[in-house]
Amino acid sequence: MLLAIDSSIGTSAAVVDLDRGIIAERHSADTRGHAEVVGALMRDALTASGVSPAELSGVVAGMGPGPFTGLRIGIAAARAFAFGVSKPVVPVVSHDAIAFDWYASGGTGELLVVTDARRRENYCSRYSRADAAGLPVRIDGPVLAKPGDIVMGAATRLDADRISAGSLGMVAELTWAAGRPFAADEPLYLRSPDVTPSAGHKRVTS
Amino acid sequence: MNRDAPLVLGIETSCDETGIGIVRGRTLLSNTISSSMEQHARFGGVVPEVAARAHLEALGPALTSAVDEAQIELADLDAVAVTSGPGLAGALMVGVGAAKALALALDKPLYAVNHLVGHVGADILDDRGEPFEYPTIALLVSGGHTSLLLVRDLTSDVELLGETIDDAAGEAFDKVARILGLPYPGGPQIDRAAAEGDPTAIRFPRGLSLPKDMAAHRYDFSFSGLKTAVARWVEQKQDAGEPVPIADVAASFREAVADVLLTKAIAACRDHEVPRLLLGGGVVANARIRELAEQRAAEAGVALRIPPLALCTDNGAMIAALGAQRIMGGFAPSSLDFGADSTLPVTDIQVA
Ligand SMILES: [Zn+2]
């Protein structure tokens, strides 16, 4: 069983199991208040699942892509929880959860997952199909793109405003069961920090 | 829960130091600090997004090394404590998210406490003597804050007497260092340059010290005007084609900062009839500020306390210590619903 956390759009926490599926999931659509809600969502998902922290075999972290301030909070929570229960962190690309759901509910062919990156930009990931294990096969992305630059090709475009930690957790369970590698344990900010190197001191007298 | 000598792990991420501290009651077991200062050097100051990213990377390794150093079992912790403010919002949120998750994983209570009051609590961990008595005046000076507090009781009664109305003192050091062509962080650079200089060479202004300012800003600080005055003075020299006496400028600037800080701190001691002054924050690393504090405190008959530097800069041990004090005082834990508050007032010693 796995506890899964994602804060790449809103905040979502779930307890999942390979055989039982999504046992419990709690979600907040608020795209600003991640730090406020993350603890209660994790607690409520755990309580509703009846699973104790000691029974978990890992903690899934949605690595984004996502706007950085919020994205970090879920990853920090996943890492700290994993540290507390001495279990591994299982990193998963958040878009994979959206694609997993789409193929699982009957979608076929190429899929383009698009989420809001703020500042009039989007995060995009392209998938070709679901494989035998039911896992979406990502062939491009995630990348940051301006709306005009998004190439549709043969894909069905899916604009998502929510990531389910339950689906994220199921991607992790299936990935593990299929013996596939997990994502890199690095947050997918896809943007550099907004900073300009100091140009030295500017004159105060004209 | 053990309320006599609780074992507490504290998490601090309000600025550019990722601090994990572990204390048992009043005893320090680990003060693990990972700083992102070097990453900010080329920007000439702390970049909030760079600091927040660094917290996320440093958190796991810092937790591991703190627990290793303290030689404790996580299951033996009585509580987790965390800084919920004031500080950089995005940076604070990393610690808040992590602390909530850790408390949940361990099924331990969580204490969300005030960073500035934490600086005052750091003194408890100084094992060179008995902790300071209260009430005390506390002067907290760093790159992020410049505050003067009246602490009647660490866990229940802290009053803000004054604070900076513009730049923090540490920021002023960074900016003046840049004016003089010295690298970041400015504090140690100015200190080094000032060693050879004459502090009376140039009379730079003491912010908010004129009689007209004293009614509304008796204990407040302002360093923006001082920084501009230094820049003007240096530019005039340069425009006249004269060499800039860097040592004298650095010494005179440092003297202006130290003078205004200590004048106001000692005035607060006198006005409130509190014969104790506690210093905290990274700027106490500055040799002249420590020296002037000793001199002025002695003249005024005020007892002075300066904890070791590792407890004065931002750290998780002071947060753990304050959490432990709240537990020992019988206070209830925080809920899981609080957020990061970048402007948390000092009167909010713990958030619900
Ligand atoms: Zn501080």
Side-chain angles (χ1 to χ4, degrees), chain A residues 3 5 7 11 13 30 32-47 52-54 56 59 61 67-87 89 185-187 189 191-206, chain B residues 11 13 40-45 47-53 55-57 59-60 63-64 67 74 80 84 89-90 92-108 110 175-176 178-181 184 227-232 234-236 238-239 335-340:
Chain A
L3 172 67
I5 303 155
S7 63
T11 312
D30 184 354
R32 302 271 169 193
H34 306 88
E36 282 88 342
V37 301
V38 70
L41 294 175
M42 291 165 74
R43 176 195 61 205
D44 295 348
L46 280 163
T47 305
S52 74
L56 298 167
V59 183
F68 27 73
T69 308
L71 173 64
R72 260 193 301 269
I73 295 161
I75 299 172
R79 288 179 179 173
F81 195 99
F83 173 79
V85 295
S86 304
K87 295 287 159 60
V89 173
D185 195 6
E186 289 288 331
Y189 298 121
R191 261 193 197 117
S192 298
D194 291 325
V195 283
T196 38
S198 161
H201 172 67
K202 282 196 219 72
R203 283 182 65 93
V204 295
T205 39
S206 49
Chain B
I11 300 177
T13 64
H40 305 283
R42 66 197 171 105
F43 306 114
V47 181
E49 176 59 22
V50 171
R53 290 185 184 194
H55 285 309
L56 180 62
E57 297 318 311
L59 202 73
L63 281 166
T64 303
V67 168
L74 279 176
V80 175
S84 60
L92 286 165
M93 286 175 197
V94 177
V96 167
K100 287 179 176 180
L102 183 59
L104 260 178
L106 299 171
D107 192 23
K108 304 290 181 188
L110 178 60
K175 289 176 178 173
V176 167
R178 205 181 313 165
I179 291 167
L180 296 176
Y184 174 88
K227 172 200 69 191
T228 309
V230 173
R232 257 201 196 106
V234 168
E235 285 165 17
Q236 270 165 16
Q238 288 167 336
D239 292 351
S335 71
L336 281 179
D337 305 322
F338 64 90

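Order of the sequence lines sets the chain letters (A, B, ...), proteins ahead of strands, with each chain counted from 1.
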| task | In sequence, state the C-alpha distance, the side-chain angles, and the governing distance for B/Asp239 and A/Arg203, and then conclude on side-chain contact (heavy atoms from CB on, under 4.5 Å). | result | CA-CA 11 Å; B/Asp239 292 351; A/Arg203 283 182 65 93; 2.9 Å; yes
Portion of [X] that has a non-hydrogen atom of chain B nearer than 4.5 angstrom:
{"X": "A/Ser7", "answer": "neither"}
{"X": "A/Pro193", "answer": "both"}
{"X": "A/Arg43", "answer": "both"}

Among [options], which has the most heavy-atom pairs under 4.5 Å with chain A?
{"options": "B/Val96, B/Leu102, B/Leu104, B/Asp107", "result": "B/Leu104"}
{"options": "B/Ala52, B/Gly45, B/Ala99, B/Pro48", "result": "B/Ala52"}
{"options": "B/Asp337, B/Leu63, B/Val47, B/Val50", "result": "B/Leu63"}
{"options": "B/Gly339, B/Ala89, B/Ala98", "result": "B/Ala98"}

- Item | Worked verdict on B/Leu56 versus A/Arg79 for side-chain contact (heavy atoms from CB on, under 4.5 Å) | CA-CA 9 Å; B/Leu56 180 62; A/Arg79 288 179 179 173; 3.6 Å; yes
Give, as side chain, backbone, both or neither, the part of [X] having an atom under 4.5 angstrom from any heavy atom of chain A.
{"X": "B/Val234", "answer": "neither"}
{"X": "B/Thr64", "answer": "both"}
{"X": "B/Val94", "answer": "both"}

Shortest non-hydrogen contact from [X] toward [Y]:
{"X": "A/Ala54", "Y": "A/Lys87", "answer": "O-NZ, 3.4 Å"}
{"X": "A/Ala82", "Y": "A/Val89", "answer": "CB-CG2, 3.5 Å"}
{"X": "B/Gly44", "Y": "B/Arg178", "answer": "O-NH2, 3.1 Å"}

**Report entry** Stepwise side-chain contact (heavy atoms from CB on, under 4.5 Å) check, A/Val85 with A/Leu3
**Finding:** CA-CA 11 Å; A/Val85 295; A/Leu3 172 67; over 6 Å; no
Residues B/Glu49 and B/Arg53 bridged, charged N to O under 4.0 Å:
yes
